[in-house]
Amino acid sequence: MSPHSAPTLQTRLDSRRNNLDFLRFAAAAGVLFSHAFPLGEGKGTVEPLESFTRGQLSLGRLGVAVFLIISGVLITRSWERTPDTARFIWARVLRIFPGLGAMLLLTVGVLGPAFTRLPLGDYFTSPDTALYLLGNFALNWPQWHLPGVFEANAYPHAVNGSLWTLKYEVGFYVLTLGLGLAGLLRRGVVIFGFVGAAVATFVTGRLGFWPELYLYFGGGAALYQWRAHVRMSPWVAAACVAGWLVTARLGYGCRIATGLLGGYVVLYLAFRPLGALADFGRRGDLSYGVYLYAFPVQQTVSALLGGRTAWWVNAAVALPCVLLLAAVSWRWVEQPALRRKDRLPAWARRPAAPVTALPETPPRPAGPR
């Protein structure tokens, strides 16, 4: 199939069959396997992808990139389809915070008391316990440790190191909303921001992770904006993979290539029907639950096994537990919350304009006016 005869991204988006649920789950599982190296074997353990890319990219960071690329497409499409501020915010709140809140309550109320070295009274009255719950729920003040918990682990103290990305995800939701309200969610502005993020990644570290992570989110948003012109060709996807491999082995530019080239590959795989994979999520979307629960469960496994273990032991023991918790989270927390997307709370409803009845007036006599 030549690139010119390949279907456009618009055509693929119009089809209901896609592999998005599978790719999100694979990305979340990749984060779990990536964390198994330091959590099982200790800080500084290098995983295979880090070694292959010469320290540029871990499997976990690649999983985050996949999440954000897909998010860039879906969030931009969501605003374009329903450019309503209240509905946009409400849908995002329901997607992020119920699952996050339930996980934090279980962590603080069940996992913490089970594994802390402190007396329970000291654990519950410690300011760090409340700060862990409130700071992580607020996203902008993440705290990694609970008092006395996981102190003897191979990777000590950290309870859930996956949560750092959520503030960036929500930040990009806010950015999309702001651009949409300003009428700037257009091709030129998105491309400008995308290129600016690439340049900032090269020249400065003062902006933290924002430029790099926007490369991924902005890459998805840019491809969506050009969806009528972007053709989903296996040859182009193969060329993008080849370019990414070159930067990986050179030891420079791999993260930028992940944004510039990886977005096309992710969307090519996402919107190319692959049989059973297209029905992967028909019984539920476990990806967010896997992402939320993997790290604390893996730390629990390390604590129960008494110290350092091989990475594959940590991953193999943790994965079934994580899948069970993710399924419970989806069934009893996330799915019920998402069903309320069209039931806006009172603060989000627009008050109806009052209708004032006009008094009846006698008909005017016919004649010149």
Once the angle between the rings of [X] and [Y] is folded into 0 to 90°, is it parallel (under 30°), tilted (30 to 60°) or perpendicular (over 60°)?
X	Y	value
Trp210	Phe172	perpendicular
Phe150	Phe115	tilted
Phe280	Phe25	tilted
Tyr264	Tyr268	parallel

Determine whether more than 12 heavy atoms belonging to other residues, nucleotides or ligands lie under 6.0 Å from atom CH2 of Trp164.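 Yes, CH2 of Trp164 has more than 12 neighbouring heavy atoms, counting only those of other groups under 6.0 Å.
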Do other residues, nucleotides or ligands put more than 12 heavy atoms under 6.0 Å from the CZ atom of Arg117?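 Atom CZ in Arg117 is not packed in, count stays at 12 or less.
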With distance as the sole test, does [X] use its side chain to make a donor-acceptor pair with the main-chain N or O of [Y] at under 3.5 Å?
X	Y	result
Gln56	Cys254	yes
Thr125	Gly121	yes
Trp141	Leu134	no
Asn160	Tyr293	no
Thr45	Gly42	yes
Arg24	Ser287	no
Ser58	Glu50	no
Ser126	Asp128	yes
Thr76	Gly72	yes
Gln299	Tyr155	yes

Treat each ILVMFWY residue as a node, draw an edge where side-chain heavy atoms are under 4.5 Å apart, and state whether [X] and [Y] are in one component.
X	Y	result
Leu292	Val110	yes
Leu213	Val73	yes
Phe295	Val108	no

Among Asn153, Thr309, Asn314, find the residue that satisfies the side chain to side chain donor-acceptor pair (under 3.5 Å) test when tested with Ser302.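 Answer to the side chain to side chain donor-acceptor pair (under 3.5 Å) test with Ser302 among Asn153, Thr309, Asn314: Asn314.
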Do Ser329 and Glu334 have side-chain N/O donor and acceptor atoms under 3.5 Å apart?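 Distance-only check passes for Ser329 and Glu334.
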Side chains of Thr165 and Tyr291: do they bring a donor and an acceptor to under 3.5 Å?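 Tyr291 and Thr165 do have a side-chain donor-acceptor pair below 3.5 Å.
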About how many Å separate CE of Met232 and CG of Leu269, when rounded to the nearest 0.5 Å?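 The CG atom of Leu269 sits 10.0 Å away from the CE atom of Met232.
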Ion pair Glu80/Arg227, N-O distance below 4.0 Å: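 Result for this pair is yes, salt bridge flagged.
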